[in-house]
Enquirer: 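This is the structure I have questions about; it appears just below.
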Amino acid sequence: MINRSPHIPRLEFLIPADTTKKYTTLLQTGILEARNAPTTVGELLASLPGFTMQYIRERIETIFLNGLPVDDLETIITGPSPVLAISAVMPGLAGAIFRKNSFHAALRTSTSDSLADRLPSTEKIIIRLKLFNIIATEKGETILHNGCLMRNESVLKFINYRRNLFSHLLSLRYDGKPISLDDLGSLLLTSKTVFMRIQEDNVST
Amino acid sequence: MAAKIFRVNMSDLSTSIEEVPAAWAGHGGRGLTSTIVAAEVPPTCHPLGVNNKLVFASGLLSGTPAANSGRLSCGAKSPLTGTIKESNSGGSSAQLLAKCGCKALIIEGQPKDDAWYSLAVTPEGVTITKEAEVVGMGNFAALEILDQRLSAKQGIIIIGTAGEMKMRSANISVKDPDGNLRSGGRGGLGAVMGSKRVKFISIDPKDGKVEIADMDKFRVANKAFAKSLIDHPVSQALGTYGTNVLVNIINESGGLPTRNFTKGQFDGHEQISGETMHDLIQERGGKVKHNCHAGCVIQCSQIYNDVKNKYKTSGFEYESIWALGADCEIDNLDQIAEADHLLDDIGIDSIETAVAIGVAMEAGVLEFGDGEGLLRILTEEVAKGTGLGRIIGGGAGDVGRAYGVTRVPVVKNQAIPAYDPRAIKGMGITYATSTQGADHTMGYTIATNILGVGGSLDPLSKEGQVELSRNLQIATAAIDSTGMCLFIAFAALDDATCLPALIDLLNACYGIELTGDDVTNLGKSILKTEHAFNLAAGFTNQDDRLPDFFSVEPLPPHNVVWDFSGEEIDTFWNF
């Protein structure tokens, strides 16, 4: 029997030159990264475009895995549907409490999450990776230019609450065919994920 | 010229200038307001009665060129909590008050008639004038008139209609360098100002300056201090996203109180996040970076424009956005900004009022997520002082009592802000033990090790956690006395030059030789003074508790509960 992967549609946005940074907030909702298990937080981050170990150690000061703070980059990614969130250093006592290896980490709440969330993932896993604040701004352009897998509902939600941003869109293609933004909603209902890519129009400028 | 105490008696409409008592000389900001309130206000008095006093004090470094030194402290017995209270704010007035040579402005008594008054502070003292024109006006309309009447350089401290109506959540607003408003929001001190029938205070320092004992040393220290602030990554995050950068992180942790504290995550968090706010500000020609007082180098404030690119609000803080957003399940940032603007205009605390509305939503007064309903209640009920408006203006506790709601997130009757203590228990210890009701700013991330207040117990034990919270509160009380913005704390945590530079600034300013230990002792003394006032007012250790529901209702998604016993919390005061 042939094991055929489901078709993942390609969504390509063409936008004016030098404007990709405006779209990096989309990454707060998370991109989907497929990896072979087991893998660690550090390994995953180091595999992303533009993420050096120095950047990961010094710039990414706040990490959550399945909603729990992570201090050690060697932490193995666990759970059936892991969610990893990365951020720069955050303000306030709460920010300090959740910071990597923080003196204030003693003020965290201990949790007893479900066994499934603590078990190592097996075989191939899909990790939802959320990039927050300065991390998204600094590294998001490359990710969006290279293209990334995203949940359809996340893309639609972003388009809906940032409608003005998309008024500058030069063209939109779905599996290579030009479509309008209004057509996108119904097309995205046909699958759960989409491979999204943003390209800048460097020709007309 | 050494600074003096300016005193105003509203009962006989007299004013005086007094020498600073020796016991008050080493205090500024919160340390000074609490010391004066503890010394002069009977702890059992009615907060809105003739015996309460309203005290304004600039910080020890206010009026100097020290970076980020422009916080104005306001203190009294709180009508919301019944405890001693200090609430501080940005704006221009702290610096201008210091330049007037006013170490503290004490307003006591109450007029015998129904007239309203304004106060004018200059280096020569205070004058009292009957006021009619701006009485009954919201803050923005009143400011527009006062801007025409007064010179642009004068400072203004003002109450809105909530203060005039003596609502227990009324705040005191302070004009900032751009003519917008900053607020000392918590504890209802605007109602105390209203009870004195003072609508506004103008401050004109004329040619007044703050003397600095050793200007050369001061300059060197200030340079090091400012550099440590500017270079810190948190300052960069704050200058880009404001404090609202916390929405995504706190949501991720499961500690973002949602739907009146029934959930720890909000589905609409992306629509109200700091990242989204930053993008909308840029798209609409606002300012992502803005200072609330001259000399601020962090610039965490911003100018948020509406969809028509017109000014809507500034100083759009995480805690306000959380309360109006996640706690009420409103995911429309423009509706939240409109509500923030209305709250500023009415002159009422955006945390207390929004949490009160969250409780009202649970009571069925309006639906969760009803942004239009929220705006209607603010304009038609709270601003006009209807029955419902006054219940909401009385704070979350009043709403719970009026409607029989038991899930009321308050400590000492003050609404718990933006961090659920079940998911972030360090915040819970601070909420429970704070001398001023639930307040996230009472135990900040001060570098306790540098100040010599590092813990001696296992930090992972409950005793150790209480000790750490205590040490943070001690250090915070000390910083609050300097007039410094608490956001200096982040640099102080990581940059070994920051806190020593701050102590050098104090030493150069006053020609003294303070050490870290002195600063710590100052913090301890402030906490003990405040605690003693509360005990004399009738508070006991039983008031240092979180509401029951935090112990019995697990918070999704981690399903955690608050698990500190009363005995464990009570160890806080063992110092």
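Being a predicted model, the structure only gives us computed values, none of them experimental. Chain A is the first sequence line, chain B the second, and so forth, proteins listed ahead of strands; every chain is numbered from 1.
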Enquirer: Just so I understand: if I count every heavy-atom pair under 4.5 Å between each of R108(A), Q28(A), K21(A) and chain B, which residue has the most?
Expert: Q28(A)
Enquirer: Is it the side chain or the backbone of F98(A) that comes within 4.5 Å of chain B heavy atoms, both, or neither?
Expert: side chain
Enquirer: Rounded to the nearest 0.5 Å, what's the gap from CD1 on I429(B) to CG on L107(A)? Could you check?
Expert: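 Between atom CD1 of I429(B) and atom CG of L107(A) there are 5.5 Å.
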Enquirer: Between E252(B) and V83(A), is there a side-chain heavy-atom distance shorter than 4.5 Å?
Expert: yes
Enquirer: Which answer fits K130(A), side chain, backbone, both or neither, if we ask what part of it has an atom under 4.5 Å from a heavy atom of chain B?
Expert: side chain
Enquirer: Examine the side chains of T29(A) and E270(B) and answer whether a donor and an acceptor come within less than 3.5 Å of each other.
Expert: yes
Enquirer: Taking C-beta and beyond as the side chain, do K22(A) and D279(B) meet within less than 4.5 Å on heavy atoms?
Expert: no
Enquirer: Could you grab the distance from atom CE of M90(A) to atom CG of L238(B), nearest 0.5 Å is fine?
Expert: 8.0 Å
Enquirer: State, yes or no, whether a side-chain contact exists between F103(A) and L468(B) at a heavy-atom distance under 4.5 Å.
Expert: yes
Enquirer: A side-chain contact here means heavy atoms from C-beta on lying under 4.5 Å apart; do F487(B) and P91(A) qualify?
Expert: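 No, too far: nothing below the 4.5 Å cut-off.
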Enquirer: Between atom CD1 of I97(A) and atom OH of Y419(B), what is the distance when rounded to the nearest 0.5 Å?
Expert: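 Result: 10.0 Å between the selected atoms.
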Enquirer: In the structure I gave you, are the side-chain heavy atoms of T109(A) and R422(B) within less than 4.5 Å of one another anywhere?
Expert: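 No; the side chains remain at least 4.5 Å from each other.
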Enquirer: Measure the OG1-CE distance between T25(A) and M277(B) for me, rounded to the nearest 0.5 Å.
Expert: 11.5 Å
Enquirer: In terms of heavy-atom pairs under 4.5 Å, which option from A423(B), A418(B), A237(B) contacts chain A the most?
Expert: A423(B)
Enquirer: With a 4.5 angstrom heavy-atom cut-off, is it the side chain or the backbone of I250(B) that approaches chain A, or both, or neither?
Expert: side chain
Enquirer: Among H269(B), M427(B), Q236(B), E283(B), single out the residue with the greatest number of heavy-atom pairs under 4.5 Å to chain A.
Expert: E283(B)
Enquirer: Nearest 0.5 Å please: distance from the OG1 atom of T62(A) over to the CG atom of N248(B).
Expert: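 One gets 12.0 Å once the value is rounded to the nearest 0.5 Å.
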